[in-house]
Structure formats: C-alpha cells, structure tokens
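Since we're looking at a predicted model, the values are computed, not measured.
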Amino acid sequence: MTAPASRRLDGLVQALQRLPGIGVRSASRMAYHLLQHDREGALRLAQALQDAVAGVRHCALCHTFAEEEVCPTCADPTREAAQLCVVETPADQAALERTGAYQGRYFVLMGRLSPLDGIGPEHIGVRALLQRLQTPPPVREVILATSFTAEGEATAHVIAQLARPLGLTVTRLARGVPVGSELEFVDLGTIAHALADRR
C-alpha cells in the first residue's frame, strides 16, 4: 500500500505533467525542488493558480484572457477598430502586443483547425469571429496572424474564404528571414517564402 506522502507526491508530479513540454522527469524535479527547497514558493504557486482560475475569464469581445468582462485592449478607445488581427491563442496576442507595432483590435480563436484531431471551425470560434466581423464598430481589414504550420495555414485559408465575401480586406503576416540571421543558416523553406513575399 502506498504511503499518503507518496500518494500526494505522485499527485503533484502528475499535476505538473499537465504543463506543455513537461514529462515525468521534469515534473519530478520540479516537485522535489518545491517540496525540499521552496515550500513558500510552492504555496505562492498554488495560491496564484487558484486566483487565476477563479478570476481570469475570456473577454466578451476578443476572447483573450481578462479579469473584467472586456479586456483593456478592447476597452481602449485609441485602438484602431477598423483593423482586426486574428490569432490562435492569448499567448500569440501577448507576443504581438510586446512588439508595440500593432495598434488595432484582436480576435483570439482559441486554437487552429486540425481535421486529423477532429478540430473543425466550430471548435475554434470561427462562428464568433464571423459575428464579430458583422457587428459595430465596422472592421475593414482582417489580419491573419495564425502560425505557419499546415494547421495554421488551413485556418488562415478558411477564415479568408469566409471574410472576403463580406467585402473585407484580408491580409496575412509576412514570412521571411529573421532579423539578425545569416542566410547560410536559414532553412530553405523560409528563404523561399522570403523571396516570394519580397517587397
């Protein structure tokens, strides 16, 4: 019979394994570290998780994470309402915001199409996106900022096919050589796309 302490430790390891990219060994290291060296940190982590789960929801307009019904970005009257940048996840939106280069509004899909996994348009918020495109304030340009994987490309294609008949301009993030990189070390697919999308 497993001792209670061992059962609890196993439960902690299994809970940590739910994080992306964390296998059993990494989860075990984290669990042992927290219990042996940082119990105060473990309690703070547990409290922060509880607070976030209880107090963070999806924005009613763009579906990103927010503490209020409408997130600060959607509530900001200085943002360009005619531009709507479509991203896959709140993390993607946060990455774009950190650049400081975009001053429009967002729509977060909460995923991307993956027919092999049974994830279709109805699972990622495409219907809600279409409703958003047809409600005030009017949107003139839809910027597709999905990932450049096969699933991300398929998602962008489906959204473009649905948005263009509404009379909207549909654009896609450019692909190209990363800033600061040397061509000899860039993969061939990236170089090919950079040539095709040159300006």
Side-chain angles (χ1 to χ4, degrees), residues 1-76 85-102 105-120 122-125 128 145-155 173 175 177-182 184-187 189-190:
M1 187 178 206
T2 307
S6 177
R7 191 166 57 244
R8 291 186 176 115
L9 181 57
D10 289 345
L12 175 58
V13 170
Q14 289 173 8
L16 289 168
Q17 280 182 260
R18 296 182 70 104
L19 295 169
I22 302 298
V24 66
R25 287 185 6 197
S26 295
S28 295
R29 277 196 303 273
M30 290 178 190
Y32 282 108
H33 171 79
L34 288 170
L35 293 176
Q36 184 173 355
H37 300 293
D38 195 6
R39 285 184 177 249
E40 182 183 341
L43 292 172
R44 285 179 57 198
L45 177 61
Q47 187 62 54
L49 283 169
Q50 281 188 321
D51 290 348
V53 169
V56 176
R57 60 174 123 179
H58 292 288
C59 171
L61 296 178
C62 74
H63 297 168
T64 195
F65 292 136
E67 292 187 31
E68 307 298 331
E69 184 176 355
V70 175
C71 73
T73 302
C74 288
D76 184 350
C85 183
V86 179
V87 296
E88 293 175 7
T89 67
D92 293 339
Q93 179 195 355
L96 282 169
E97 275 297 284
R98 284 193 299 273
T99 70
Y102 177 68
R105 303 274 173 95
Y106 292 94
F107 189 89
V108 181
L109 289 171
M110 291 300 166
R112 58 186 170 216
L113 297 177
S114 182
L116 294 177
D117 298 320
I119 300 173
E122 66 278 8
H123 298 108
I124 62 169
T146 56
S147 61
F148 291 107
T149 61
E151 294 88 355
E153 293 284 6
T155 303
L173 283 187
R175 294 174 281 198
V177 178
V179 174
S181 62
E182 297 181 27
E184 67 178 298
F185 300 115
V186 176
D187 69 276
T190 299

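Smallest separation of non-hydrogen atoms from A27 and Q17: CB-CG, 3.6 Å. A pairwise comparison of heavy atoms in A128 and H63 identifies CB-CE1, 3.6 Å as the closest pair. The two residues P178 and T190 make their nearest non-hydrogen contact at CD-CG2, 4.5 Å.
Looking at heavy atoms from C-beta onward, R112 lies out of side-chain contact with T146 at the 4.5 angstrom threshold. Put simply, the side chain of T73 does not reach to within 4.5 Å of the side chain of C62, judged on heavy atoms. Between R8 and L12 there is no side-chain heavy-atom pair separated by less than 4.5 Å. Contact of the P90 side chain with the M110 side chain is registered, since non-hydrogen atoms from C-beta on lie closer than 4.5 Å.
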- prompt: Checking side-chain contact (heavy atoms from CB on, under 4.5 Å) for the pair I22/M30: CA distance, chi angles, key distance, verdict?
  reply: CA-CA 10 Å; I22 302 298; M30 290 178 190; 3.3 Å; yes

message: Assess the residue pair E151 and E88 against the criterion (side-chain contact (heavy atoms from CB on, under 4.5 Å)); give the C-alpha distance rounded to whole Å, side-chain angles, the decisive distance to 0.1 Å, and a yes or no.
response: CA-CA 11 Å; E151 294 88 355; E88 293 175 7; over 6 Å; no

- prompt: side-chain contact (heavy atoms from CB on, under 4.5 Å) between V108 and Q93: does it pass, once the steps are laid out?
  reply: CA-CA 7 Å; V108 181; Q93 179 195 355; 3.7 Å; yes

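Annotation: Y32, atom OH; neighbour count of heavy atoms from other residues, nucleotides and ligands within 6.0 Å does not exceed 12. The number of heavy atoms from other shown groups lying within 6.0 Å of CD (E122) is above 12. Remark: E97 CD is packed, more than 12 non-hydrogen atoms of other residues, nucleotides or ligands lying under 6.0 Å away. Atom CZ of R44 has 12 or fewer heavy atoms from other residues, nucleotides or ligands within 6.0 Å.
For the pair T99 (side chain) and L96 (backbone), a donor-acceptor distance under 3.5 Å is present. In this structure, D117 contributes its side chain and I119 its backbone to no donor-acceptor pair below 3.5 Å.
In this structure, SG in C59 is found 8.5 Å from CD in E69, a value given to the nearest 0.5 Å.
Side-chain contact, Q47 with D51: a donor N or O sits under 3.5 Å from an acceptor N or O.
By the 30° and 60° cut-offs, the orientation of the rings of Y106 relative to Y102 is perpendicular.
Residues meeting the side-chain hydrogen bond (donor to acceptor under 3.5 Å, both in side chains) test with R57, sequence neighbours left out: none.
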